[in-house]
Amino acid sequence: MSALVQAAEAAREALVADVTAYAEQETPSDDLAALAAGLAWVRAYVERHLGAPAAERTVAGGTQGDIAVLDWPAANGGTGSIAILCHYDTVWPLGTLADWPVTIDGDRLTGPGVFDMKAGLVQATHAIAIARAEGLPLPAIRLVLNGDEEIGSLASRPVIEEAVAGRDAVLVFEASAEGALKTARKGVGIFSVTTRGIEGHAGLDPERGVSAIDEMARAVLTLHASADLSAGTSVNVGTITGGSRSNVTAGRAHALVDVRVADAAEMDRIDAALAAMRPHRDGAGLEVDGGWNRPVMPRSEVTAALFATARAVSVEQGWTVEEISVGGASDGNFAAALGLPVLDGLGAVGDGAHARHEWISIDGMVQRTALAAGLIARLGGGAAA
């Protein structure tokens with residue numbers, strides 16, 4: 001058993017205690033007071049394990065959570081520099097813990113946000129501390145903490161892009177995909193479609209009214225027809241609202257649309273399809289708003305090389321990590337769009353993101369902490385795993 005695996009195993013109880021304490025800090029994306037308290041907790045926690053950062057700054061998130069950027073210098077003769085991305089917000093509303101407390105059943109630990117992605121931060125923190133304590137060379141480390149990932153990272157995107165620029169590698173401690181690391185992610189578009197009609201009495205004057213709902217129904221068919229799953233493009237009209245009463249021809253309807261694409265060419269095709277949408281009847285109107293929330297994260301050569309390094313570390317530790325491409329997006333997409341090597345999914349092993357059965361494997365925490373420690377040390381110029 002390697003020294004890093006032994007050290008991670010020795011930290012098992014601390015890992016469980018830490019992720020439990022972190023999950024008990026509720027941090028819904030839409031509650032600024034809870035986010036502020038959560039970020040304060042995280043900063044204190046990280047500093048307790050890693051010492052005070054050599055430099056730090058906080059960028060106000062406005063209507064979203066603040067963004068913290070913390071820097072530690074290279075250690076133990078290490079070289080190079082990396083960025084680690086972790087978001088501290090979750091999808092779970094304040095008060096969720098009241099009827100869903102953190103619970104342990106054998107190897108499973110459940111609780112709001114443990115899989116997405118509070119275990120990731122705990123694992124990253126312990127990995128750095130373990131590698132440092134083992135005397136392994138560490139690169140300069142920049143930790144970016146943002147509180148709006150679950151709602152699109154609108155405030156944090158420019159901060160993330162600035163923070164990762166020039167780094168040798170970007171490690172994202174989002175949850176794994178059934179244990180696999182994520183080397184490619186789709187781009188995400190969030191669009192809204194609004195149709196407008198002419199209200200009228202549905203019974204007395206059915207020919208004079210123009211139904212916005214009828215226009216929306218036709219628009220939905222057009223939108224869904226623009227999907228091309230063989231090319232990796234999905235289009236989902238997720239919500240529709242409209243009309244006022246059953247006996248009134250609808251004057252307005254509104255829909256929210258989620259689009260996922262695997263490459264830039266498909267982004268362009270979808271843009272063209274949206275721009276070409278027109279109302280069906282005279283007197284009706286149709287508007288499309290929104291845009292691309294996250295660029296595509298392709299499996300680039302530099303990302304493939306970074307994964308190969310992680311895989312080599314896992315083999316040296318007695319197992320083999322796999323890689324996968326997923327339809328979800330993360331803050332890693334922003335870094336990949338800058339041409340940087342990005343390795344995502346370094347966080348928890350488990351399942352149930354955004355679901356009431358969200359859980360993580362405790363054994364997985366131990367294993368992934370050792371993997372991260374070895375990978376970070378390798379990126380600092382070391383050879384031990």
### Beyond-backbone contact of L143 with L50, side-chain heavy atoms, under 4.5 angstrom
no
### Message
Less than 4.5 Å apart, side chain to side chain, heavy atoms only: is that true for L375 and L343?
### Response
yes
### Query
Does any pair with a residue in residues 284-304 pass salt bridge (charged side-chain N to carboxylate O under 4.0 Å, His left out), and if so which ones, sequence neighbours excluded?
E149-R294, R196-E287, R294-D331, R299-E323
#### Entry: Residue of the set L181, V342, L171, L340 for which side chain to side chain contact (heavy atoms under 4.5 Å, CB included) holds with L306
L171
### Query
Does H354 have any ring pair (Phe, Tyr, Trp, His ring centres under 6.0 Å) partners at least two apart in sequence or in another chain, and if so, which?
none
### Message
Give me each pair satisfying side chain to side chain donor-acceptor pair (under 3.5 Å) with a member in residues 231-257, each pair once, sequence neighbours excluded.
### Response
T233-E266
### Message
Is any side-chain heavy atom of P137 closer than 4.5 Å to one of T79?
### Response
no
### Task
With sequence neighbours excluded, give me every salt bridge (charged side-chain N to carboxylate O under 4.0 Å, His left out) pair touching residues 213-223.
D214-R218
### Task
Can you tell me which residue pairs pass the salt bridge (charged side-chain N to carboxylate O under 4.0 Å, His left out) test with a partner in residues 104-129, sequence neighbours excluded?
none
### Task
Applying ring pair (Phe, Tyr, Trp, His ring centres under 6.0 Å), name anything that partners W72, two or more places apart in sequence or on another chain.
none
### Test ring pair (Phe, Tyr, Trp, His ring centres under 6.0 Å) applied to Y22 - qualifying residues, sequence neighbours left out
W41
### Task
Only counting residues at least two apart or in another chain, list the ones meeting side-chain contact (heavy atoms from CB on, under 4.5 Å) with S29.
D89, E150, I151
### Query
Do you know the tightest heavy-atom contact between I360 and A119?
CD1-CB, 3.8 Å
## Note on the structure
Quick note, side chain to side chain donor-acceptor pair (under 3.5 Å) partners involving residues 127-143, not counting sequence neighbours, are D71-R142
### Task
Could you tell me whether R356 atom CZ has more than 12 heavy atoms of other residues or ligands within 6.0 Å of it?
yes
#### Entry: All pairs passing salt bridge (charged side-chain N to carboxylate O under 4.0 Å, His left out) where residues 38-49 contributes a residue, at least two apart
R43-E56
### Contact summary for S81 and R167, nearest pair of heavy atoms
CB-NH1, 3.5 Å
### Task
Compute whether any side-chain donor of one residue and acceptor of the other, for S156 and D148, lie under 3.5 angstrom apart.
yes
### Task
Provide the full list of side chain to side chain donor-acceptor pair (under 3.5 Å) pairs with a residue in residues 271-284, sequence neighbours left out, each pair given once.
D271-W292
### Query
Do the non-hydrogen side-chain atoms of V164 and L85 ever get within less than 4.5 Å of each other?
yes
### Task
For residues Y45 and Q25, determine if any side-chain heavy atom of one lies less than 4.5 Å from a side-chain heavy atom of the other.
no
### Message
By the side chain to side chain donor-acceptor pair (under 3.5 Å) test, which pairs, at least two apart or in different chains, include something from residues 363-374?
### Response
R12-D363
### Query
Under 3.5 Å, side chain of E26 to main-chain N/O of G95, donor-acceptor pair present?
yes
